[in-house]
Each structure stands twice: as C-alpha cells, then as structure tokens.
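Here's the structure we're looking at; comments come further down.
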Protein chains: 2
Amino acid sequence: MNKSAPRGRRPGSPDTRAVILDIARRRFLAEGYHAVTLRSIAAEAGVDLALISYFFGSKKGLFGAALALAVNPAEVLAEALKGDPATFPQRVLRGVLAVWEDPVAGPTLIAMLRNAIQEPAFGALVKEVVEREIVDRVAAWLGGAAARKRAAAFGVQIGGLIVTRYLLRLEPIASMTPDEIVRHLGPGLRRALQEPGQRQEPGQRPAGRPPGGDRS
Amino acid sequence: MNKSAPRGRRPGSPDTRAVILDIARRRFLAEGYHAVTLRSIAAEAGVDLALISYFFGSKKGLFGAALALAVNPAEVLAEALKGDPATFPQRVLRGVLAVWEDPVAGPTLIAMLRNAIQEPAFGALVKEVVEREIVDRVAAWLGGAAARKRAAAFGVQIGGLIVTRYLLRLEPIASMTPDEIVRHLGPGLRRALQEPGQRQEPGQRPAGRPPGGDRS
DNA sequence: CGGATTTATTCATCACCGTTGAAATGCTAC
DNA sequence: GTAGCATTTCAACGGTGATGAATAAATCCG
C-alpha cells in the first residue's frame with residue numbers, strides 16, 4: 001500500500017499555497033503557535049512537510065503569512081476621531097469592542113497580541129505601530145499640556161480592556177455587555193483625557209480647549 | 001578524557017535540587033520559557049538531563065517550581081485598602097509600581113504573566129486568583145450598586161498599566177515616573193470606582209446616592 | 001554492625017520537532 | 001521540442017523533552 005504521491009509537480013494548477021495558508025490560519029487561531037506542528041499542517045493539507053518551508057521559509061513565516069490579513073486597528077480610531085469630541089471615548093469603546101468581537105478579525109488580533117507578548121521581535125512591531133498610530137494620533141488630537149501622557153493614560157485603559165476581556169477573560173469584565181462596558185469605562189476614560197490638575201465640571205466638557213488645539 | 005561522572009548517587013550531600021532551581025530561575029527570567037532548554041540547564045548545573053525530570057517531572061514543573069516563591073500581589077491591595085478611602089487609587093498605584101519594579105519580584109511576575117497569557121492552564125490559575133483576591137475584595141470594600149462591575153473597571157486600568165508598561169513597554173507609559181503615573185492615572189481610576197450615572201463633585205467623595213440598589 | 005530500602009544520579013533510547021539539500025516532475029516560454 | 005522554472009517529495013540532520021533501566025550512596029532497622 002504505497003500511497004506516496006509521485007515526486008514532482010502535480011498536474012493541473014492546484015493552489016496548494018492557499019490551502020496550506022487556510023489550514024494554518026485555522027489551526028493557529030484555534031490552538032496557538034506552539035501547539036501546532038508543521039507536520040500536522042502538512043498532513044492535513046495532504047502535502048509534504050518540506051513544501052511549507054519552500055513556500056513560507058519557516059514556521060514563523062507561515063504564522064506571519066497566515067495572520068497577515070487582519071483589519072487595521074488604526075481605522076477604528078480614525079473613525080472615532082471624527083465625531084463630537086464629547087463622546088469620543090464612547091465611540092472608541094464601541095469601535096474596539098466591535099473589532100475585537102468580530103468573528104474573523106477578533107481571533108486574529110488575539111492571536112497576534114498573544115504572540116507579540118511572548119515574542120520580542122514580533123512585540124517590537126506591535127509596540128511601534130501602537131505608539132505611532134494610536135498614541136501619537138490621540139495626542140495630536142488632544143493638544144494641550146502633556147498631551148502624549150494623557151493619550152498614554154487613555155491607551156492604558158483601552159489596552160487593559162483588551163487584555164482582561166479577551167486575553168485573560170477575567171470576570172466580570174469578560175461577560176459584561178458593550179453597554180455596560182461603555183457605562184463603566186467611559187467616565188474614567190474621559191477623565192484620563194483631561195489635564196490632571198483639572199476638576200471635572202458637571203454637565204459639560206472641560207472648557208477652554210477647542211479640539212484643534214496646540215501641540216503638547 | 002572520560003569525564004563522565006560515576007553512575008549512582010554522589011558522595012556528600014550536595015543540594016543539587018536547589019542548584020538546578022537557582023539556575024533555572026535565572027535563565028527563565030532572562031531568556032523566557034521556550035528559549036531555555038533543559039539540556040542547557042543540566043549542563044550548567046553539571047548534571048544529567050534526566051535528573052531534572054526526576055526532580056520536577058517536566059519542563060513546566062521546573063518552571064513552576066522555579067518561579068513559585070514570588071510575592072503575593074494581594075498584599076499590596078490589602079495594604080492599600082486600609083488607609084483613607086479618598087486616596088485609595090493613589091496608594092494602589094504606588095503599591096503596584098513598587099512591586100512590579102522590585103528587582104526580584106518584578107521580573108518574576110512579568111515572566112509569570114507572560115506565560116499565563118499563552119498557556120491556558122497557567123492562565124486559568126491567574127484568572128482565578130485575580131478574580132478572587134482582587135476584584136472580589138475591591139467590590140466588597142466598595143459596596144453599593146454594581147460594585148463588582150466598578151471593581152472590574154478599576155482592575156482593567158491596573159491591568160492595562162501592567163501590560164503596557166511592563167510587558168509591551170509602550171511609550172510614553174514605560175518611561176513615565178511613578179509621580180507622573182499617579183498624576184495621570186489616578187483621576188480616571190477614582191472615577192471608575194464611582195457609580196456610572198453620577199457626576200463628580202469637586203473635592204469630596206461621592207455623596208450619598210439614592211439607596212435604590214438596582215443591580216445593573 | 002549489616003542487610004534492605006529509599007534516594008540520587010547517569011546512560012541509552014524514544015518519538016517528535018523544524019530545517020535543509022537533492023532529486024523528480026509538471027508547466028511555460030522560446 | 002526543449003531549456004528553464006515552479007512545485008513537490010524524499011531523506012537526512014541536529015536538537016528537543018521524556019522515560020526506563022542500571023548503579024551507587026545515604027538511610028533505616030534489626
């Protein structure tokens with residue numbers, strides 16, 4: 001019972017590369033980077049192990065290629081930046097929740113973040129993107145004194161939400177509804193955007209700061 | 001040049017177990033779980049590979065044993081719960097910063113958290129401890145409506161601080177001084193502890209809310 | 001003291017992992 | 001058609017964590 005396929009190229013034009021990529025994506029998301037072996041992917045694709053190296057160079061290369069087509073999280077922010085400044089935190093929260101709970105984008109982002117936390121090379125990339133695309137933009141939008149630090153305080157809370165809700169799945173944060181999240185996190189988020197000395201005036205946005213303001 | 005040690009037990013009473021544990025701790029903290037091989041630890045300890053399995057069962061067992069003697073993060077909270085309620089957030093922030101920047105406890109906690117995020121079994125343990133020791137206690141201390149959810153909003157921010165500052169080392173949060181952290185995160189943290197509907201009155205703790213203890 | 005038991009240690013080996021180089025085969029351009 | 005390129009399998013390598021058997025010291029017990 002010699003079932004080994006003949007040696008060279010297969011007849012027809014089967015897109016083997018795409019098949020491997022599909023299987024890899026599904027497996028990596030479901031089981032995590034280290035738990036998935038190249039051999040098992042090759043077996044599931046009905047393909048020799050070496051073909052994966054041929055197409056993607058290495059296991060890391062395959063992982064990167066499989067998870068490449070994620071959404072760009074910066075778009076959520078760009079969208080949220082456009083509306084009424086008074087409700088900016090709510091919009092960001094809604095957007096973040098929508099993206100991270102999207103059945104295709106969410107798991108991809110989670111897998112990427114998981115790996116960023118343990119793989120320094122990958123982590124540096126995430127770090128750079130977040131700093132440039134998130135912190136700097138919020139800081140520019142904020143203006144005023146210590147804008148970058150206020151943006152950081154904002155980012156801390158968004159990051160905390162993501163990690164506790166989606167990575168560690170801590171309760172009760174993991175099972176709260178989006179409305180509850182907005183209700184409980186919105187005020188603190190808004191407060192973090194203000195300048196630290198200031199008191200919050202009831203019923204209005206902190207005065208004297210038109211949204212197109214000066215740089216930090 | 002046959003340098004192989006004789007087979008059985010060594011003379012004297014060398015505490016080989018402790019030696020292995022020491023080396024393992026240093027290496028795991030410096031290089032991370034996956035980068036360290038049991039063989040390299042065994043070599044550095046001048047010991048056969050199988051001895052590690054004999055003492056600790058598996059690589060995971062060794063990792064757990066090597067990182068077991070960490071501080072109890074719940075103590076930080078217990079300490080902070082005792083003082084003036086108005087400055088509770090500041091005390092927690094100072095305590096968290098002190099522990100996570102401690103040269104011995106800090107790296108241990110970071111390594112544990114890193115692994116908790118990628119290893120579901122280990123993550124479940126962290127999850128349980130945090131929920132029981134942190135969230136529940138803060139909720140009990142808070143009292144009032146939706147105490148557990150307000151405590152969760154608090155925990156989100158503390159968790160976000162830890163992840164962004166110590167795990168991902170995002171700027172500018174990673175290089176801010178403790179004073180700056182307290183200045184920028186304190187107000188948002190205090191706001192998260194209040195009940196969501198309320199407006200913050202300047203200069204005092206939230207006044208007596210209507211006792212309509214509605215579950216959210 | 002001396003034999004039996006427990007504890008510590010090495011050796012040899014296993015199955016599996018990711019990577020690599022060589023060979024074989026089909027497809028495409030000239 | 002045939003030369004070259006893209007795809008595919010095969011075979012092997014060194015490295016990994018785990019495990020069972022052999023051996024020697026320490027300890028217990030009479």
Side-chain angles (χ1 to χ4, degrees), chain A residues 1-25 27-28 30-67 115 118-119 121-122, chain B residues 1-25 27-28 31-67 115 118-122:
Chain A
M1 43 193 292
N2 180 2
K3 313 201 305 181
S4 68
R7 264 250 179 142
R9 188 171 189 159
R10 296 174 174 171
S13 54
D15 198 353
T16 317
R17 202 188 128 101
V19 171
I20 295 173
L21 220 43
D22 249 32
I23 294 172
R25 176 158 47 243
R27 300 283 305 274
F28 277 140
E31 304 163 45
Y33 181 80
H34 287 289
V36 177
T37 76
L38 292 188
R39 282 177 156 85
S40 78
I41 293 178
E44 189 173 341
V47 143
D48 187 89
L49 165 67
L51 197 56
I52 299 181
S53 285
Y54 170 72
F55 277 135
F56 305 100
S58 69
K59 189 178 182 181
K60 277 178 195 167
L62 175 62
F63 182 81
L67 270 62
N115 257 71
Q118 75 160 330
E119 199 82 34
F122 211 63
Chain B
M1 44 190 292
N2 184 1
K3 312 201 304 181
S4 67
R7 266 252 178 139
R9 187 172 187 157
R10 297 174 175 170
S13 56
D15 197 353
T16 316
R17 203 188 127 101
V19 171
I20 294 173
L21 221 42
D22 248 32
I23 294 172
R25 175 157 49 243
R27 300 284 305 274
F28 278 140
E31 305 163 44
Y33 182 80
H34 286 290
V36 177
T37 75
L38 292 188
R39 282 176 157 86
S40 78
I41 293 178
E44 189 173 341
V47 144
D48 187 272
L49 164 67
L51 195 57
I52 298 181
S53 285
Y54 170 71
F55 278 135
F56 306 100
S58 68
K59 188 177 182 182
K60 278 178 195 167
L62 175 61
F63 182 82
L67 270 60
N115 258 69
Q118 75 162 331
E119 201 81 35
F122 211 62

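To find a chain, count down the sequence lines: A is the first, B the second, and so on, and within it residues start at 1.
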Reported CG-to-CZ distance for the pair B:Leu51 and B:Phe56, which is rounded to 0.5 angstrom: 8.5 Å
Whole-Å gap separating [atom2] ([N]) and [atom1] ([X]):
X: B:Ile52; N: C:dT10; atom1: CD1; atom2: P; value: 10 Å
X: A:Lys60; N: C:dC17; atom1: NZ; atom2: P; value: 18 Å
X: A:Ile41; N: C:dC17; atom1: CD1; atom2: P; value: 11 Å
X: A:Phe56; N: C:dG18; atom1: CZ; atom2: C1'; value: 16 Å
X: A:Tyr54; N: D:dC5; atom1: OH; atom2: P; value: 12 Å
X: B:Ile20; N: D:dG17; atom1: CD1; atom2: C1'; value: 15 Å
X: A:Asp15; N: C:dG26; atom1: CG; atom2: P; value: 19 Å
X: B:Arg27; N: D:dT16; atom1: CZ; atom2: C1'; value: 15 Å

Taking only the side-chain heavy atoms of [X] (C-beta and beyond), determine which of [options] contains the nearest atom.
X: B:Pro14; options: D:dT7, C:dT9, D:dG17; result: C:dT9
X: B:Leu38; options: D:dT9, D:dA18, D:dG20; result: D:dA18
X: A:Ala50; options: D:dC10, D:dA18, C:dT19; result: D:dC10
X: B:Asp48; options: C:dA8, D:dT19, C:dC11; result: C:dC11
X: A:Arg7; options: C:dT7, C:dA23, D:dT19; result: C:dA23
X: A:Leu51; options: C:dC11, D:dA6, D:dT9; result: D:dT9

Short side-chain N/O contact from B:Thr16 to OP1 or OP2 of C:dT9, under 4.0 Å: yes
N or O in side chain of B:Thr37 less than 4.0 angstrom from D:dG15 OP1/OP2: no
Quiz item: A:Arg39 side-chain donor-acceptor pair to C:dG18 base, under 3.5 Å: yes
Touch class at under 4.0 angstrom, heavy-atom based, for B:Phe55 against every strand present: sugar-phosphate
Touch class at under 4.0 angstrom, heavy-atom based, for B:Leu49 against every strand present: base
A:Lys59 vs B:Arg10, nearer the 5' end of DNA chain C by closest nucleotide: B:Arg10
Whether A:Phe28 and A:Tyr33 hold their rings parallel, tilted or perpendicular, with breakpoints at 30° and 60°: parallel
Parallel, tilted or perpendicular: ring planes of A:His34 versus B:His34, cut at 30 and 60 degrees: parallel
Side-chain heavy atoms of B:Ile41 within contact of B:Leu62, under 4.5 Å: yes
Where B:Val19 and B:Ala45 come nearest, the two heavy atoms and their spacing: CG1-CB, 4.3 Å
